[in-house]
*Asks:* 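First the structure, which I've put down as structure tokens, then a few questions once you've had a look.
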Amino acid sequence: MADLSAATQSPSVSSTSSGAEPSAPGGAGSPGACPALGTKSCGSSCADSFVSSSSSQPVSLFPTSQVHDLIFWRDVKKTGFVFGTTLIVLLSLAAFSVISVVSYLILALLSVTISFRVYRSVIQAVQKSEEGHPFKSYLDVDITLSSEAFHNYVNAAMAHVNRALKLVIRLFLVEDLVDSLKLAVFMWLMTYVGAVFNGITLLILAELLIFSVPIVYEKYKTQIDHYVGIVRDQTKSIVEKIQAKLPGIAKKKAE
């Protein structure tokens, strides 16, 4: 019996005695160890590098996938709600002042929420139930904006602002004569558009185009691309003729 108990205990003893000591986390034997920095320094440096890499990623103010799905009517209910709401607001702004439209919108929203709150309170009193506040799930939602998210959005906005400033300086200081002439012709055409339409009317037309042109282009893409290619070739030939007659640009191309 003694021999049997010794035989059963010998594998565990031999495994503990022959095997090496288990290495401590972050030691030389661990795969993610930093021998020079130590365990604590390695953890802090890895965390800092992860935070810096995640915060350095560009943040978009408007996610392109959501905007794409919205204007291409991927979700008909969602797109219809956004399109109808914005169109009603723009039509209201065309007929009334901004203060009146904002006041009526807030009054309409408050009328809905207050009526629903009173209705649920009466139902709970009649049924003697304790369901609580009807908007409790929405009141408990955390809508606070963290400082990191705020800085990311500000950086994204500043990138667009800086790009716009560079473009304005390049156009108004005539870095490229053709581009500045294009802007001048466009602004000259816009004077005639402004004489016929006001700003709200242009916004209404722009919304109608935004929510109609992409879906029409997706349906008739082949035919539209064919005619757009013809117009692009004609425009390119005209621009090349104009550039050939301008001495400064012709000399620059020759060099």
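Predicted model, so just to flag it, every value in this text is computed and none were measured. Throughout, numbering of the chain's residues begins at 1 and tracks the sequence.
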*Asks:* Say you draw a straight line from CD1 of Ile169 to CD of Glu175; how long is it, rounded to the nearest 0.5 Å?
*Replies:* 10.5 Å

*Asks:* Do Leu91 and Leu87 have side chains that get closer than 4.5 Å, going by heavy atoms?
*Replies:*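 Yes, side chains in contact.
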
*Asks:* Which atom pair, heavy atoms only, marks the closest approach of Leu145 to Ala149?
*Replies:* CD1-CB, 3.7 Å

*Asks:* Can you say whether the rings of Tyr192 and Trp188 are parallel (under 30°), tilted (30 to 60°) or perpendicular (over 60°)?
*Replies:* perpendicular

*Asks:* For residues Leu189 and Phe186, determine if any side-chain heavy atom of one lies less than 4.5 Å from a side-chain heavy atom of the other.
*Replies:* no

*Asks:* Side chains of Phe83 and Leu208: closer than 4.5 Å at any heavy-atom pair?
*Replies:*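 Counting from C-beta outward, Phe83 and Leu208 do come under 4.5 Å.
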
*Asks:* Between Phe96 and Tyr104, is there a side-chain heavy-atom distance shorter than 4.5 Å?
*Replies:*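 Tyr104 vs Phe96: side chains apart.
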
*Asks:* Under a 4.5 Å side-chain heavy-atom rule over Ile, Leu, Val, Met, Phe, Trp and Tyr, are Ile106 and Val101 clustered together?
*Replies:*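 Yes, because Ile106 and Val101 connect within a single hydrophobic cluster, where side-chain heavy atoms sit under 4.5 Å apart.
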
*Asks:* For Phe211 and Trp73, take the angle between the two ring planes, folded into 0 to 90°, and tell me which bin it lands in: parallel under 30, tilted 30 to 60, perpendicular over 60.
*Replies:*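 Answer is perpendicular, since the angle exceeds 60°.
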
*Asks:* Distance check, rounded to the nearest 0.5 Å: Met190 atom CE versus Phe197 atom CZ?
*Replies:* 10.0 Å

*Asks:* Between Ser103 and Ser100, do the side chains contain an N or O donor and an N or O acceptor separated by less than 3.5 Å?
*Replies:*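 No, no side-chain donor-acceptor contact under 3.5 Å.
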
*Asks:* Starting at CG of Leu202, measure out to CG of Leu90 and round the result to the nearest 0.5 Å.
*Replies:*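 CG of Leu90 is found 11.5 Å from CG of Leu202.
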
*Asks:* Check for me, please, whether Ile200 and Ile99 land in the same ILVMFWY cluster - side-chain distances under 4.5 Å, paths through other members count.
*Replies:*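 The answer is no; the residues belong to distinct hydrophobic clusters.
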
*Asks:* Would you say that more than 12 heavy atoms from the other residues, nucleotides or ligands in this model lie under 6.0 Å from the CZ of Phe81, or not?
*Replies:*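 Atom CZ in Phe81 is not packed in, count stays at 12 or less.
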
*Asks:* So Ile242 and Val178, do their side chains get closer than 4.5 Å, heavy atoms only?
*Replies:*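 When only atoms from C-beta onward are counted, Ile242 and Val178 do not touch, as no gap falls below 4.5 Å.
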
*Asks:* When hydrophobic residues are tied together by side-chain contacts of less than 4.5 Å, even through go-betweens, does Ile210 share a cluster with Leu93?
*Replies:* yes

*Asks:* Please check if Val102 and Leu203 belong to a single hydrophobic cluster, counting links between Ile, Leu, Val, Met, Phe, Trp and Tyr side chain heavy atoms closer than 4.5 Å.
*Replies:*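 Yes; Leu203 is reachable from Val102 via cluster members.
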
*Asks:* Give the C-alpha distance, both sets of side-chain angles, the deciding distance and a yes or no for side-chain contact (heavy atoms from CB on, under 4.5 Å) between Lys182 and Val185.
*Replies:* CA-CA 5 Å; Lys182 289 178 183 179; Val185 172; 5.9 Å; no

*Asks:* Are Leu110 and Leu105 linked, directly or through intermediate hydrophobic residues, by side-chain heavy-atom contacts shorter than 4.5 Å (ILVMFWY only)?
*Replies:*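 Linked within one cluster.
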
*Asks:* So do Ser180 and Phe172 actually touch side chain to side chain, heavy atoms under 4.5 Å?
*Replies:*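 No, every pair of side-chain atoms sits at 4.5 Å or beyond.
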
*Asks:* Going by heavy atoms in the side chains, are Arg232 and Thr235 under 4.5 Å from each other?
*Replies:*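 When only atoms from C-beta onward are counted, Thr235 and Arg232 do not touch, as no gap falls below 4.5 Å.
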
*Asks:* Ser111 side chain to Leu107 main-chain N or O, any donor-acceptor pair under 3.5 Å?
*Replies:* yes

*Asks:* Taking ring-ring contact (aromatic ring centres under 6.0 Å, His included) as the test, write out the residues that go with Tyr138, two or more places apart.
*Replies:* none

*Asks:* CG of Asp140 to NZ of Lys136: how many Å apart, nearest 0.5 Å?
*Replies:*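 If we round to the nearest 0.5 Å, Asp140:CG and Lys136:NZ are 4.5 Å apart.
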
*Asks:* What's the verdict on side-chain hydrogen bond (donor to acceptor under 3.5 Å, both in side chains) for Arg117 and Ser121, showing C-alpha distance, side-chain angles and the deciding distance?
*Replies:* CA-CA 6 Å; Arg117 176 75 169 86; Ser121 299; 2.6 Å; yes

*Asks:* For Thr79 and Val76, indicate whether the former's side chain and the latter's backbone hold a donor-acceptor pair under 3.5 Å.
*Replies:* no

*Asks:* Drop me the distance from Leu70's CG to Ser65's OG, to the nearest 0.5 angstrom.
*Replies:* 11.0 Å

*Asks:* I need the Lys241 NZ to Ile238 CD1 distance, nearest 0.5 Å.
*Replies:* 7.0 Å

*Asks:* Tell me, please, which residues at least two apart from Phe72 pass ring-ring contact (aromatic ring centres under 6.0 Å, His included).
*Replies:* His68

